[in-house]
Amino acid sequence: MIHEWNVLRVAACLSIVLLHSTTEIILINGNIDNDLFQLFRVLLAYATPTFVLLSIIIIANRYKDKTPANFLKSRFKFILLPFVFFAFIYALNGELNYPNYNLTGKLLKNIFIGDFTGWFVLAIFQLYLIFWLIKKTNVSTIWLIPSMFFVGLLFLTFVNNVHIANPDLKAVFRIIFPTWLAYFAVAYLIGKYYNIVIDYLIKYRYITILLVLVSIGIIAINFSSGNTSGGSRRLDLLPFVISMTLMILAFGKIMPRVRLIDFISNYAFGIYLLHRLVQFYIAPYTAKFSSLTGQIGSLFIISLLICILIIRLVSYLPFSAFMIGKIRGRATTNKNQQTVLKKGI
């Protein structure tokens, strides 16, 4: 795996864990009336769109001409099946903790509209299908990719200017592919022409910092004007996500290889799916610390470590890749699973 991709994946992963650490503390101790703190939370929401962006960058770089025969099958087994597994786990957690809970209804919502923290998988998988169709039909991307960007931009604008009261409909708009077309278009171009792009990014890496600062300024202005909503569907997150991605790729390319980054990267997908569940049980204890920094910081670190430990232990189970995704960097202990993994690469 290209090192700067690992750096970007880890940055997004840690950011989402930190964001949800703040969310859990707010849910327990009440809202924090501090504009800088709330703006920081809005900025942290760049994490999930960045994860989506990276997913497309990788496949656009690897499969420039055509996709392998097992492209969709492999992603179904090692991405969609873990999503379904965690959809059940989160629904079961609700059944165990809340009275009058509709387990079946919640499970169906989790699976079909992503009504839990793993919703991003549904968005990514739709983009995988679009990528597969592009390669399958060999359609010209000269007009298609720019068209996708503008359609996606228009759709994001529409979503951001329409009040949606129904929470289920909100969840649908969060996952459907038009919401992510602009991100797909940018990621496709970065991935397809990655060698050219990364050379320019290294040469003009300090400009990427300026782009990040400008995009932060745009969000700050909108925030001060009353747009304090969080979430990944904010229109002004698009330039911030793109500029953050370019900056991290540029500096990640030239930084020395750090084994800790590679280590966390191997667990990132599982951390994304698991961390909110772990925080649900840990937050009531860390919320008792006297300082806000202690509450959030301890929840962030403890939940991250527990997630890695759980994923590590589960990875020794037969066919664990279908529950937590593939863990690179170590040999599997089960011969059947090893055979399946090799076929799925």
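All residue numbers refer to positions in the sequence shown, counting from 1. These values consider heavy atoms only, across backbone and side chains, with no hydrogens, waters or symmetry-generated copies.
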Which donor-acceptor pairs under 3.5 Å do the side chains of residues 8-19 make with protein atoms, sequence neighbours left out?
from: Arg9; atom 1: NH1; to: Asn6; atom 2: OD1; distance (Å): 2.9
from: Arg9; atom 1: NH1; to: Ser265; atom 2: OG; distance (Å): 2.8
from: Ser15; atom 1: OG; to: Ala11; atom 2: O; distance (Å): 2.7
from: Ser15; atom 1: OG; to: Tyr46; atom 2: OH; distance (Å): 2.9

For the rings on Phe120 and Phe51, is their centre-to-centre separation under 6.0 Å? yes
Taking the six-membered ring where the residue is Trp, are the ring centres of Phe37 and Phe40 under 6.0 Å apart? no
Decide ring-ring contact (aromatic ring centres under 6.0 Å, His included) for Phe78 and Phe322; before the verdict, give the C-alpha distance in whole Å, the side-chain angles of both, and the deciding distance to 0.1 Å. CA-CA 5 Å; Phe78 304 124; Phe322 306 139; 5.5 Å; yes
Going by atom types only, do Gln38 and Thr228 share a side-chain donor-acceptor pair under 3.5 Å? no
Are Phe263 and Val258 connected in a single hydrophobic cluster, I mean Ile/Leu/Val/Met/Phe/Trp/Tyr linked by side-chain heavy atoms less than 4.5 Å apart? yes
Members sharing Leu309's hydrophobic cluster (side chains within less than 4.5 Å): Leu313
For residues 211-222, please give each side-chain donor-acceptor pair under 3.5 Å, one per line with the distance, not counting sequence neighbours.
from: Ser215; atom 1: OG; to: Leu211; atom 2: O; distance (Å): 3.1
from: Ser215; atom 1: OG; to: Val212; atom 2: O; distance (Å): 2.7
from: Ser215; atom 1: OG; to: Ser243; atom 2: OG; distance (Å): 3.1
from: Asn222; atom 1: ND2; to: Ile218; atom 2: O; distance (Å): 3.3
from: Asn222; atom 1: ND2; to: Asp236; atom 2: OD2; distance (Å): 2.9

Please list, chain by chain and in numerical order, all residues satisfying salt bridge (charged side-chain N to carboxylate O under 4.0 Å, His left out) with Arg276, sequence neighbours excluded. Glu24
Under the ring-ring contact (aromatic ring centres under 6.0 Å, His included) test, residues paired with Tyr204 that sit two or more places apart: none
Phe83 and side chain to side chain contact (heavy atoms under 4.5 Å, CB included): which single residue from Ile79, Leu81, Leu80 fits? Leu80
Salt bridge (Lys or Arg N to Asp or Glu O under 4.0 Å) pairs, two or more places apart, involving residues 188-197: none
Residue set satisfying salt bridge (charged side-chain N to carboxylate O under 4.0 Å, His left out) with Arg257, at least two apart, ordered chain then number -> Asp262
Hydrophobic cluster membership, with links at side-chain heavy-atom distances under 4.5 Å among I/L/V/M/F/W/Y: are Met247 and Tyr200 in one? no
Output every pair passing salt bridge (Lys or Arg N to Asp or Glu O under 4.0 Å) with a member in residues 202-223, not counting sequence neighbours, ordered by first then second residue. none
Side-chain polar contacts of residues 140-152 - donor-acceptor pairs under 3.5 angstrom, sequence neighbours left out - could you list them?
from: Ser140; atom 1: OG; to: Ile142; atom 2: N; distance (Å): 3.4
from: Trp143; atom 1: NE1; to: Ser140; atom 2: O; distance (Å): 3.4
from: Ser147; atom 1: OG; to: Trp143; atom 2: O; distance (Å): 2.6

Could you check, using the six-membered ring where one of them is a Trp, whether Trp180 and Phe155 have ring centers closer than 6.0 angstrom? no
With sequence neighbours excluded, residues passing salt bridge (charged side-chain N to carboxylate O under 4.0 Å, His left out) with Lys106: Asp115
Does Phe269 have any ring-ring contact (aromatic ring centres under 6.0 Å, His included) partners at least two apart in sequence or in another chain, and if so, which? none
So, using salt bridge (charged side-chain N to carboxylate O under 4.0 Å, His left out) as the criterion, who are the partners of Asp168 when residues are at least two apart? Lys109
